[in-house]
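What follows is one structure encoded as C-alpha coordinates, with my remarks underneath.
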Amino acid sequence: PSKVREAAIRRALGACDRVDDDTVAAVLGDLPALSDNEAKRLLAAALAALANVKVQGRRSRETGKASDRTLRVTASSGGLAPGAVVKALKALGSGKLGRVRV
(Lines give C-alpha, C1' and ligand atoms only; values in the text may rest on other atoms or scores of the structure.)
Protein backbone atom coordinates (compact mmCIF):
# COMPACT_ATOMS: atom_id res chain seq x y z
CA PRO A 1 0.00 0.00 0.00
CA SER A 2 2.76 2.52 0.74
CA LYS A 3 4.39 2.01 -2.69
CA VAL A 4 1.04 2.49 -4.40
CA ARG A 5 0.40 5.64 -2.36
CA GLU A 6 3.90 6.97 -3.16
CA ALA A 7 3.37 6.35 -6.89
CA ALA A 8 0.00 8.12 -6.80
CA ILE A 9 1.53 11.10 -5.06
CA ARG A 10 4.37 11.21 -7.62
CA ARG A 11 1.74 11.29 -10.39
CA ALA A 12 -0.10 14.09 -8.55
CA LEU A 13 3.13 16.07 -8.19
CA GLY A 14 3.74 15.55 -11.92
CA ALA A 15 0.27 16.94 -12.64
CA CYS A 16 1.13 19.95 -10.48
CA ASP A 17 4.26 20.55 -12.55
CA ARG A 18 2.06 20.92 -15.65
CA VAL A 19 0.04 23.80 -14.17
CA ASP A 20 1.22 27.14 -15.58
CA ASP A 21 2.51 29.95 -13.35
CA ASP A 22 -0.43 32.29 -14.12
CA THR A 23 -2.91 29.69 -12.86
CA VAL A 24 -0.85 29.12 -9.71
CA ALA A 25 -0.69 32.88 -9.08
CA ALA A 26 -4.46 33.21 -9.54
CA VAL A 27 -5.17 30.44 -7.01
CA LEU A 28 -2.63 31.83 -4.56
CA GLY A 29 -4.35 35.21 -4.77
CA ASP A 30 -7.66 33.61 -3.79
CA LEU A 31 -6.27 31.80 -0.75
CA PRO A 32 -6.69 33.39 2.67
CA ALA A 33 -3.62 34.06 4.77
CA LEU A 34 -2.60 30.63 6.07
CA SER A 35 -0.19 29.58 8.78
CA ASP A 36 2.57 27.18 7.77
CA ASN A 37 0.68 24.25 9.34
CA GLU A 38 -2.57 25.22 7.60
CA ALA A 39 -0.75 25.54 4.27
CA LYS A 40 0.90 22.12 4.69
CA ARG A 41 -2.43 20.52 5.63
CA LEU A 42 -4.14 22.12 2.62
CA LEU A 43 -1.34 20.98 0.31
CA ALA A 44 -1.52 17.44 1.67
CA ALA A 45 -5.30 17.39 1.24
CA ALA A 46 -4.98 18.68 -2.33
CA LEU A 47 -2.35 16.08 -3.21
CA ALA A 48 -4.44 13.30 -1.66
CA ALA A 49 -7.49 14.44 -3.63
CA LEU A 50 -5.52 14.77 -6.86
CA ALA A 51 -3.89 11.36 -6.39
CA ASN A 52 -7.21 9.81 -5.33
CA VAL A 53 -5.52 8.46 -2.19
CA LYS A 54 -7.89 7.03 0.36
CA VAL A 55 -7.15 5.80 3.84
CA GLN A 56 -7.09 2.03 4.08
CA GLY A 57 -9.26 2.04 7.16
CA ARG A 58 -8.44 1.83 10.80
CA ARG A 59 -5.90 -0.75 11.80
CA SER A 60 -4.46 -1.98 15.04
CA ARG A 61 -1.41 0.00 16.12
CA GLU A 62 0.04 -3.17 17.56
CA THR A 63 -0.62 -5.79 14.88
CA GLY A 64 -1.38 -3.66 11.81
CA LYS A 65 -4.42 -5.85 11.06
CA ALA A 66 -7.63 -4.21 9.90
CA SER A 67 -9.62 -6.77 11.90
CA ASP A 68 -7.93 -5.75 15.17
CA ARG A 69 -8.37 -2.50 17.07
CA THR A 70 -6.13 -0.67 19.48
CA LEU A 71 -7.96 1.18 22.21
CA ARG A 72 -6.17 3.65 24.47
CA VAL A 73 -7.61 4.10 27.93
CA THR A 74 -6.51 6.94 30.19
CA ALA A 75 -7.42 7.89 33.73
CA SER A 76 -8.05 11.46 34.81
CA SER A 77 -6.14 10.82 38.02
CA GLY A 78 -3.89 8.10 39.34
CA GLY A 79 -2.71 4.98 37.60
CA LEU A 80 -4.60 2.29 35.81
CA ALA A 81 -4.90 -1.27 37.04
CA PRO A 82 -5.39 -4.04 34.46
CA GLY A 83 -8.65 -5.07 36.12
CA ALA A 84 -10.03 -1.53 35.88
CA VAL A 85 -9.13 -1.34 32.19
CA VAL A 86 -10.78 -4.67 31.41
CA LYS A 87 -13.89 -3.66 33.38
CA ALA A 88 -14.13 -0.31 31.54
CA LEU A 89 -13.75 -1.92 28.10
CA LYS A 90 -16.25 -4.69 28.80
CA ALA A 91 -18.73 -2.03 29.95
CA LEU A 92 -18.53 -0.61 26.41
CA GLY A 93 -19.75 -3.93 25.06
CA SER A 94 -16.49 -4.56 23.27
CA GLY A 95 -16.79 -8.33 23.51
CA LYS A 96 -13.64 -10.41 23.81
CA LEU A 97 -10.41 -8.68 24.68
CA GLY A 98 -7.32 -10.16 23.10
CA ARG A 99 -4.56 -8.40 24.98
CA VAL A 100 -4.51 -5.70 27.63
CA ARG A 101 -1.32 -3.77 28.31
CA VAL A 102 -1.14 -1.27 31.13
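Throughout, residue positions are numbered sequentially from 1 according to the sequence presented.
- With rounding to the nearest 0.5 angstrom, the CG atom of Asn37 is 12.5 Å from the CG atom of Leu42.
- Between Ser35 atom OG and Lys40 atom NZ the span is 9.5 Å, to the nearest 0.5 Å.
- Legend: residues meeting side-chain hydrogen bond (donor to acceptor under 3.5 Å, both in side chains) with Asp22, ordered by chain and number and at least two apart, are absent.
- Enclosure of atom CG in Asp20 by more than 12 non-hydrogen atoms of other residues, nucleotides or ligands within 6.0 angstrom is indicated.
- With sequence neighbours left out, the side-chain contact (heavy atoms from CB on, under 4.5 Å) criterion links Leu43 to Leu47.
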Show me the donor-acceptor pairs within less than 3.5 Å that the side chains of residues 7-19 make with the rest of the protein, sequence neighbours left out.
residue	atom	partner	partner atom	Å
Arg18	NH1	Gly14	O	3.2

